[in-house]
Amino acid sequence: MWDRMKMRVQLLFMLLLVLTVLLGAGKTSEKKTEVLMDASELYCDDSKFYGEAIIASENYKLALIGFDGENIKIFEDICANWIDAIAEEGVVIYGNVNGEVGIVKLDSNYNVISNEIIMTTDHLLIDPTIIKAGDTYYATITEIVGTPNNSDINSENGLYTIRFYMSQDLSNWSVVSEIVSCKNNLEDVDIFYRKGIFHVIYEKEEVDGGDSAVYLQRSKDGEGKSWEEAVTLLESDCDHEPAVIERTWYGTYRLYYSCDKENVGQSYMGAKMYYSEYDGRFKMLKKDVEIPSTAEEGILLYDVLRSNGTQKFLFCKNYYTDHALFIEER
């Protein structure tokens, strides 16, 4: 009897999932879009939600910005171009054009507890990410040897390598594995951990600003020592800029990104926001669902935050010209 009841519950859940996907496929939300922040005067290379604030690279310095667009604090002695954070622990990882990767620890008042350069090289180190699984910290760092961001299809690109690291104390880091290495631009890395498996998502493009694909690689073990073959999440038919992936309450995955599919070749300046949805095995259920925005186009999506039944979208408008930082809520 218990087995029959369990089977009915499972069938009901599967039916709900199918109905949710079918009813929502290809449709955008009817929720109203509200602009929470329009900070046209800020010049930010990268930014992420950080609790009730934003952690950003503002004019190449690490900065904290309020949702009103005002600076809370600028860390004048910390050069940062790419950032990620574990906000609940006050941990920020950053990389800069000086070939450095550092870790900052902040207290609840945004004061620096410690700031330590954990890695330095003669090459570029970009797009650091950081997560915590159990009592261990894990990070990815992308090294570029040779020409970065090659924009000429006839020129040789630099060698991009995404490596996976671990640490118990945020100071001493060791290389666990090499996830992927190739002479293509590998950018916009995101990482998450679920059921003993690490998942790494990244953009791969032939030339800077050209068409790009988005790939997922999963670890074969719980330590990230080896990795499965890449799974294609988005084909290379326009310039995709992945921001973040989330797991929905009904067990699917949503990848949020900006892309220039409606203005191919205009990269950030002609891009809009979208999401695509996947089942638990990362088979596509919905593709390129547009997220309405007051910006209309020219969007480079940085981050997405879901809280209290709403979503906040953090993005840059007209990256090459205005560099305006926006938050919209739906």
Side-chain angles (χ1 to χ4, degrees), residues 46 48 50 55 57 62 75 77-106 112-146 148 158-204 215-231 242 244-245:
D46 195 8
K48 298 288 190 297
Y50 186 86
I55 190 79
S57 164
L62 191 68
F75 304 93
D77 58 340
I78 301 177
C79 177
N81 298 89
W82 305 278
I83 52 176
D84 196 23
I86 307 175
E88 59 270 24
E89 294 206 2
V91 173
V92 179
I93 189 171
Y94 63 90
N96 59 43
V97 294
N98 300 321
E100 298 172 328
V101 175
I103 298 279
V104 178
K105 290 202 70 176
L106 303 175
V112 175
I113 299 172
S114 63
N115 176 34
E116 184 175 1
I117 300 297
I118 61 168
M119 197 173 306
T120 182
T121 115
D122 293 332
H123 310 296
L124 272 179
L125 299 172
I126 70 169
D127 287 347
T129 69
I130 189 167
I131 60 170
K132 189 176 185 182
D135 59 357
T136 304
Y137 296 93
Y138 296 92
T140 68
I141 298 170
T142 305
E143 181 183 42
I144 309 172
V145 178
L159 179 66
Y160 282 62
T161 304
I162 302 176
R163 293 190 178 91
F164 188 61
Y165 298 82
M166 66 174 292
S167 174
Q168 298 290 335
D169 59 8
L170 293 174
S171 295
N172 300 291
W173 291 84
S174 58
V175 178
V176 179
S177 60
E178 187 176 286
I179 300 171
V180 58
S181 184
C182 63
K183 288 194 172 183
N184 299 98
N185 294 353
L186 302 177
E187 301 173 341
D188 300 326
V189 183
D190 190 27
I191 182 172
F192 70 94
Y193 179 79
R194 177 168 169 76
K195 291 188 175 180
I197 299 295
F198 294 97
H199 301 67
V200 172
I201 294 162
Y202 56 88
E203 174 196 6
K204 180 179 179 181
Y215 293 101
L216 163 74
Q217 285 191 239
R218 290 172 284 193
S219 63
K220 294 180 179 179
D221 55 76
E223 297 178 322
K225 292 182 177 179
S226 59
W227 298 80
E228 296 178 358
E229 291 295 316
V231 174
V244 68
I245 192 166

For this session: Take Trp173 and Val101, measure what side-chain contact (heavy atoms from CB on, under 4.5 Å) needs, and give me the verdict at the end.
Result: CA-CA 11 Å; Trp173 291 84; Val101 175; over 6 Å; no

Exercise. How far apart are the C-alpha atoms of Glu203 and Leu186, what are their side-chain angles, what is the distance that settles it, and do they pass the side-chain contact (heavy atoms from CB on, under 4.5 Å) test?
Worked result: CA-CA 6 Å; Glu203 174 196 6; Leu186 302 177; over 6 Å; no

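In this view, Lys48 and Asp46 satisfy the salt bridge (Lys or Arg N to Asp or Glu O under 4.0 Å) rule, not counting sequence neighbours. Partners of Phe192 according to the ring-ring contact (aromatic ring centres under 6.0 Å, His included) rule, which considers only residues two or more places apart in sequence or in another chain, are His199, Tyr253. Not a single salt bridge (Lys or Arg N to Asp or Glu O under 4.0 Å) links Arg194 to another residue, sequence neighbours left out. Residues meeting the ring-ring contact (aromatic ring centres under 6.0 Å, His included) test with Phe198, sequence neighbours left out: Tyr138, Phe164, Tyr193.
Annotation: the span from Tyr202 atom OH to Asp127 atom CG amounts to 13.5 Å, rounded to 0.5 Å. Between Ile130 atom CD1 and Ile83 atom CD1 the span is 13.0 Å, to the nearest 0.5 Å. To the nearest 0.5 Å, atoms CD1 (Ile162) and OG1 (Thr140) are separated by 6.5 Å. The distance from atom CH2 of Trp227 to atom CD1 of Ile197, rounded to the nearest 0.5 Å, is 9.0 Å. Taking CD1 from Ile179 and CZ from Arg218, the interatomic distance works out to 14.0 Å, rounded to the nearest 0.5 Å. Atoms OG and CZ, from Ser181 and Arg163 in turn, are 7.0 Å apart once rounded to the nearest 0.5 Å.
Under a 3.5 Å cut-off, the side chain of Asn81 and the backbone N or O of Ser57 do not form any donor-acceptor pair. The backbone N or O of Asp221 lies less than 3.5 Å from a partner atom in the side chain of Ser219, making a donor-acceptor pair. With hydrogens and angles disregarded, no donor-acceptor distance shorter than 3.5 Å links the side chain of Glu228 to the backbone of Gln217.
You'll find the side chain of Glu187 stays beyond 4.5 Å of the side chain of Thr142, heavy atoms only. Proximity of Phe75 to Leu106: side-chain heavy atoms (C-beta onward) are separated by under 4.5 Å at one or more points.
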Sequence neighbours left out, cut at 3.5 Å: what donor-acceptor pairs do the side chains of residues 89-97 make with other protein atoms?
from, atom 1, to, atom 2, distance (Å)
Glu89, OE1, Tyr137, OH, 2.5
Glu89, OE2, Lys132, NZ, 3.0
Tyr94, OH, Asn115, OD1, 2.9
Asn96, OD1, Asn98, N, 2.9
Asn96, OD1, Glu100, N, 3.3
Asn96, ND2, Cys79, O, 3.0
Asn96, ND2, Glu100, OE1, 3.1

Check residues 119-126 and write down every donor-acceptor pair under 3.5 Å in which the side-chain atom is one partner and the other belongs to a residue at least two apart or another chain.
from, atom 1, to, atom 2, distance (Å)
Thr121, OG1, His123, N, 2.5
Thr121, OG1, His123, O, 3.3

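Between the side chains of Asn184 and Tyr160, no donor-acceptor pair is found at a separation under 3.5 Å. Between the side chains of Thr129 and Asp190, no donor N or O sits under 3.5 Å from an acceptor N or O. Asp169 and Ser167 share a side-chain donor-acceptor pair at under 3.5 Å.
Contact record, Ala85 with Ile55: CB-CG2, 4.4 Å, taken as the closest heavy-atom pair.
Within a 6.0 Å sphere centred on CD of Glu116, heavy atoms belonging to other residues, nucleotides or ligands number more than 12.
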